[in-house]
Amino acid sequence: LHPLQPYLPASWRDLRGTYSAQAHFQTRGLSRQEIRAALQGMATVEFQNISWTWFDPMSALSRVVPGGMKLPRSEPYLRKLSASLRFDGPSVNASTSPVSWAGAQWSLAGTYNFDGKANLRVRVDLRGLANHTFIGESPVAPPSHWEVHLVGPLNKLTVAPPEQVFRLSP
């Protein structure tokens with residue numbers, strides 16, 4: 001994953017792993033602008049053995065969750081992740097298959113515009129964490145799902161304002 005590192009957030013710069021992709025594109029036009037505007041295509045990307053040295057997604061999620069919820073530390077690697085990309089003019093729509101990681105089911109969906117801006121939604125199904133989650137010192141049942149919205153350039157993603165970040169499900 002080394003070639004992707006300049007496009008990723010700073011906390012992901014130590015990202016390791018491999019990927020392979022298959023794609024089909026079509027477009028028309030003479031200028032770069034015409035070609036970009038008419039671009040259509042589909043791609044499938046398979047990521048394998050993804051690991052972070054310093055970044056822990058569960059800890060990152062815990063920091064932005066209201067109420068002091070503490071989550072277990074993530075496993076240091078993710079064995080496999082599949083992503084589908086749909087190219088439609090000046091934007092790419094992405095989604096991943098749900099993946100089990102650190103007892104939760106994670107998925108990602110969103111849009112990346114060729115102007116460099118991304119709008120991503122990370123959805124985490126936490127029902128598998130019911131016995132491992134704490135608020136303060138008391139064990140509590142976590143909400144069944146969390147949704148976090150990330151916006152901005154891929155290498156400088158920020159969490160959307162708190163009132164827009166979470167949709168807690170009973």
Side-chain angles (χ1 to χ4, degrees), residues 1 4-5 7-17 19-21 23 42-52 54-88 91-114 116-135 139-170:
L1 296 173
L4 301 177
Q5 289 176 346
Y7 305 101
L8 299 174
S11 59
W12 289 33
R13 296 286 162 85
D14 63 342
L15 186 67
R16 301 288 183 257
Y19 68 96
S20 62
M42 298 289 290
T44 303
V45 184
E46 297 285 334
F47 299 92
Q48 294 181 333
N49 300 319
I50 303 167
S51 66
W52 290 266
W54 302 106
F55 181 72
D56 177 13
M58 292 297 266
S59 292
L61 190 59
S62 292
R63 285 191 300 272
V64 296
V65 172
M69 192 167 285
K70 298 195 183 339
L71 299 171
R73 183 160 172 75
S74 302
E75 299 161 9
Y77 65 92
L78 184 60
R79 292 185 197 275
K80 187 175 181 181
L81 175 66
S82 299
S84 297
L85 307 174
R86 185 172 47 90
F87 295 78
D88 188 18
S91 66
V92 180
N93 294 303
S95 63
T96 63
S97 300
V99 62
S100 181
W101 192 18
Q105 292 288 320
W106 296 72
S107 62
L108 172 78
T111 303
Y112 174 77
N113 294 315
F114 290 148
K117 302 263 168 64
N119 183 352
L120 305 174
R121 177 180 52 88
V122 179
R123 184 170 169 85
V124 185
D125 181 337
L126 298 169
R127 288 176 283 190
L129 294 176
N131 296 326
H132 304 289
T133 306
F134 295 86
I135 293 181
V140 296
S144 62
H145 294 87
W146 281 338
E147 202 169 281
V148 179
H149 291 249
L150 304 168
V151 294
L154 284 178
N155 63 349
K156 295 181 182 173
L157 287 172
T158 58
V159 176
E163 61 274 3
Q164 298 173 11
V165 171
F166 300 100
R167 293 184 187 152
L168 299 177
S169 303

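Atom CZ of Arg79 sits about 7.5 Å away from atom CG of Asn49, to the nearest 0.5 Å. Leu85 contributes atom CG, which lies 8.5 Å from atom CE of Met42 (distance to the nearest 0.5 angstrom). One finds the OH atom of Tyr112 at 11.0 Å from the OG atom of Ser91 (value rounded to the nearest 0.5 Å).
Under the side-chain hydrogen bond (donor to acceptor under 3.5 Å, both in side chains) criterion, Asn155 pairs with no residue at all, not counting sequence neighbours. Residues meeting the side-chain hydrogen bond (donor to acceptor under 3.5 Å, both in side chains) test with Thr111, sequence neighbours left out: Asn93. Residues passing the side-chain hydrogen bond (donor to acceptor under 3.5 Å, both in side chains) test with Gln48, sequence neighbours excluded: none.
Closest of all the heavy-atom pairs between Leu154 and Ala118 is CD2-CB, 3.7 Å. Shortest non-hydrogen contact noted between Ser100 and Leu78 is O-CD1, 4.2 Å. For the residue pair Gly110 and Leu120, the shortest heavy atom distance occurs at CA-CD2, 3.9 Å. When all heavy atoms are compared, the tightest approach of Leu157 to Gly152 is CD2-O, 3.6 Å. When all heavy atoms are compared, the tightest approach of Ala43 to Ala23 is CB-CB, 3.7 Å.
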**OP:** Any chance you could lay out the side chain to side chain contact (heavy atoms under 4.5 Å, CB included) test for Leu150 and Val159, step after step, and finish with the verdict?
**Re:** CA-CA 5 Å; Leu150 304 168; Val159 176; 3.7 Å; yes
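The backbone N or O of Ser97 lies less than 3.5 Å from no partner atom in the side chain of Ser82, so there is not a single donor-acceptor pair.
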